[in-house]
Number of protein chains: 2
Amino acid sequence: METAEVETASADLEMIVHGPSGRNKPETRLWLRMLSTTKLITSEIRRRLRAEFGATLPQFDLMAQLYREPDGLRLGELSRRTMVTNGNVTGLVERLEADGFVQRVTPDGDRRVTVARLTPAGTEFFETMAAAHEGWLRDIMADVDPATITSLWSEIGAVKTSASNHLSGAAFE
Amino acid sequence: METAEVETASADLEMIVHGPSGRNKPETRLWLRMLSTTKLITSEIRRRLRAEFGATLPQFDLMAQLYREPDGLRLGELSRRTMVTNGNVTGLVERLEADGFVQRVTPDGDRRVTVARLTPAGTEFFETMAAAHEGWLRDIMADVDPATITSLWSEIGAVKTSASNHLSGAAFE
DNA sequence: TCCATATAGTTTAAACTTAAAATAATATAA
DNA sequence: TTATATTATTTTAAGTTTAAACTATATGGA
């Protein structure tokens, strides 16, 4: 009973960051809880991806984008869709190309452009991972009432919309 | 109107990862939305911390923990509370010590132990940042109904509990 | 005492991250 | 048709991240 203690200990960020939780504004409390929950699940997914497939989460995300687009995507578009910076995409694609899962092509029209797409091996690999990924999430959320899952989905949508409208550089219409 | 486009473009992970959103299991849809929302807000907080205080998010989190404990915390405890690995804490504390915000002490009893605590300058600095931080969150969630914020808090609690109970290494009682 | 084992931190290697600067290619405009 | 601006990607520097290996302590028995 002393083994898992150190590495898995839940570390309730929210219970601690600004105190025993009471004296925070509701927005702060919600944020701390969102953050700690996301961290918890992200770690778990990351651990399983690595253990079962030797892949990283950003690699999985990037391949997920490419899977949707059999013709491939420009690196810039890939960057936007993954919420990963430009420079980062360069390195990710390089490593995935070295592994044989992704292929880079420069189209004739515009030599500034690089299009990345999954190779057949990459497609197969991703499909396997995606199926497992979906199962992991069902497992992780197994104790949550289905109705709660649905309502959370829409309520978090409201948070996301609000956040989008209050970004520093927000100049959207 | 062409400026912010590239860097701020919202990049709807969820709308893309596994498709136009329809053909995913509810758990996957919720997860993608949680993840993209958290990324969005995290980026915003990170941007503001850097712009206004020249601080990073992990530094802020670490100082938040120490702020709660005037006597300081062992690095291992700090690691658990911040959900940051041991090795990472070492580097974070080193940099914060170099900035004069944190101080390291090895207690007499056990020479393996290092206790970190905020310096007066660190305390003052953190208080300023924390106040701003709370304001940013109110701003970011300004368009969300207060009742939704409350119900989200408890519903996400259910997700967190479920996730905690389904970790790979989960051996909690 | 001596040794196995457990603890606390640090270090390391590889990958990822951001932000900003640098390259390169293309488009636009005077 | 040049100069100028834009667009696409890469590079760079500093920091963060994970996982695993390593270094000291400490502790609990043979």
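Heavy-atom basis, side chains included; hydrogens, waters and symmetry copies ignored. Letters A, B, ... mirror the listed sequences (proteins, then strands); counts begin at 1.
Here dC16(C) presents its C1' atom at 12 Å from CZ of Arg50(A), a figure rounded to the nearest Å. The interatomic distance linking Leu49(A) (CG) with dA19(D) (C1') rounds to 15 Å, in whole Å. One can place CG of Asp108(A) at 15 Å from P of dA25(C), the figure rounded to the nearest angstrom. Across the protein-nucleic acid pair, Glu94(B) atom CD and dT12(C) atom P stand 11 Å apart, rounded to whole Å. The distance between atom CE of Met83(B) and atom P of dA19(D), rounded to the nearest whole Å, is 12 Å. Rounded to whole angstrom, the span from the CZ atom of Arg112(A) across to the P atom of dA8(D) amounts to 6 Å. For the pair Leu75(B) CG and dT7(C) C1', the interatomic distance rounds to 13 Å; values are reported in whole Å. If you take CG of Asp110(B) and P of dA26(D), they are 5 Å apart, rounded to a whole angstrom.
Scored by the side-chain hydrogen bond (donor to acceptor under 3.5 Å, both in side chains) test, Glu52(B) finds no partners at all (sequence neighbours excluded). The side chain to side chain contact (heavy atoms under 4.5 Å, CB included) search around Thr38(B) returns Trp31(A), Met34(A), Leu35(A), Thr38(A), Thr42(B), not counting sequence neighbours. Every side chain to side chain contact (heavy atoms under 4.5 Å, CB included) that Ser162(B) has, sequence neighbours left out, goes to Asp143(A), Val144(A), His166(B). Under the side-chain hydrogen bond (donor to acceptor under 3.5 Å, both in side chains) criterion, Arg50(A) pairs with no residue at all, not counting sequence neighbours.
A salt bridge links Glu69(B) with Arg81(B): at least one charged nitrogen is closer than 4.0 Å to a carboxylate oxygen.
An OP1 or OP2 oxygen of dA8(D) is reached within less than 4.0 angstrom by a side-chain nitrogen or oxygen of Arg74(A). Note on Thr85(B): a side-chain N or O is less than 4.0 Å away from OP1 or OP2 of dT18(D).
At a cut-off of 3.5 angstrom, the base of dT25(D) holds no donor-acceptor pair with the side chain of Arg111(B).
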Polar atoms only, N or O, under 3.5 Å: list the protein pairs with nucleotides 13-16 of chain D and their distances.
{"unit_1": "dT16(D)", "atom_1": "OP1", "unit_2": "Thr56(B)", "atom_2": "OG1", "d": "2.7"}
{"unit_1": "dT16(D)", "atom_1": "OP2", "unit_2": "Arg95(B)", "atom_2": "NE", "d": "2.7"}
{"unit_1": "dT16(D)", "atom_1": "OP2", "unit_2": "Arg95(B)", "atom_2": "NH2", "d": "2.5"}

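Clustering of Ile, Leu, Val, Met, Phe, Trp and Tyr side chains at separations under 4.5 Å places Val115(B) together with Val113(B).
With the nearest nucleotide of DNA chain D identified for both Gly87(A) and Gly87(B), Gly87(A) has the one nearer the 5' end. Where Ser43(A) and Arg104(A) each meet DNA chain D at their nearest nucleotide, the meeting point lying more 5' is that of Arg104(A).
If you check every strand for non-hydrogen atoms under 4.0 Å, Val84(B) touches sugar and phosphate atoms only.
Residues Asn86(A) and Leu75(A) fail the side-chain proximity criterion, which asks for heavy atoms closer than 4.5 Å.
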